[in-house]
Amino acid sequence: MKKSYLLFLSVMMFLLVITGCSTNDQSKQPAEKKQPVAEKQAAPEENVELTISAAASLQDALTEITANFNKEHGNVKINYNYGASGALQQQISQGAPVDLFFSAAEDKFDALVKDGLIEEKDGIDLVGNELVLVVPKESTKGIKTFEDLPKADKISIGTPESVPAGKYGKEVLGNLNIWSNVEGKIVYAKDVRQVLTYVETGNVDAGMVYKTDALTSDKVEIAATASELTHTPIIYPVGVIKASSHQKEAMLFYDYLKTKAAMDVFEKYGFKGL
């Protein structure tokens, strides 16, 4: 009986030793590899606001171009400061926080390049325009050409010192030897849109605006188009301001303005490609 009992104890001890070894072996097995952590998703693009100072005559075209641009770059909000190119140039020269300047005259733009506020390589002559004589649609003054302007009681042009269209208009009237006959009838305006409003409302008998502005109104008609030989070429340069705090986004929009999609919109509104 004792032998059977001893044999039983021996077997039990053997089994305990085997079980212990098995447990130790399993504990030494390498832990299961953890699944790799999924790569972090790219952070959403930062929302940025750009300020663009642009000639008033660009308003309609830029509204559509900006809407198209934002379909691809929704994080970039663009705020426009429209006005006369000369006034906008002065604002930028005095430190206004602007990211791009879109001028209706080369001399205003070139002044900022000369002052070191725009790098020449970051600017381009983008589009051109034409200067036209407009009259109210129901006009009975018989004004059909520039030479007919002495028939008018009041004529509006932009202030030549600050409004490029006004400067071009004065050049046309001077080269056609009309200026001295109409100078006393001139009503000066702060920009071409104001000239257009004066004609639309009948406050003046005629006005000189860009073709692109005339095409936006159903209250005026184009009486004549100025010959390119009678005024300085009408060219619109655009460029990135060197002090822009959002250079990347400013260059992004600047490059977009040069695309075929953007140029098609400019041409739709009457601008000419250069």
At what distance, to the nearest 0.5 angstrom, does [atom1] of [X] lie from [atom2] of [Y]?
X: His231; Y: Leu173; atom1: NE2; atom2: CG; answer: 11.5 Å
X: Glu221; Y: Ile143; atom1: CD; atom2: CD1; answer: 10.5 Å
X: Asp191; Y: Thr159; atom1: CG; atom2: OG1; answer: 9.5 Å
X: Ile78; Y: Phe69; atom1: CD1; atom2: CZ; answer: 5.0 Å

With distance as the sole criterion, is a donor-acceptor pair present between the side chains of [X] and [Y] under 3.5 Å?
X: Thr225; Y: Glu130; result: no
X: Ser244; Y: Asp99; result: yes
X: Ser57; Y: Tyr236; result: yes
X: Thr66; Y: Tyr80; result: yes
X: Asn75; Y: Glu46; result: no

Would Leu215 and Tyr168 show up in the same hydrophobic cluster when neighbours are defined by side-chain heavy atoms closer than 4.5 Å?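 Result: no, two separate clusters.
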
Output, in order, the C-alpha distance, side-chain angles, deciding distance and verdict of salt bridge (Lys or Arg N to Asp or Glu O under 4.0 Å) for Arg193 and Asp213. CA-CA 7 Å; Arg193 287 303 170 99; Asp213 294 288; 2.6 Å; yes

Determine whether more than 12 heavy atoms belonging to other residues, nucleotides or ligands lie under 6.0 Å from atom CD of Glu120.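 Incorrect, the count does not exceed 12.
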
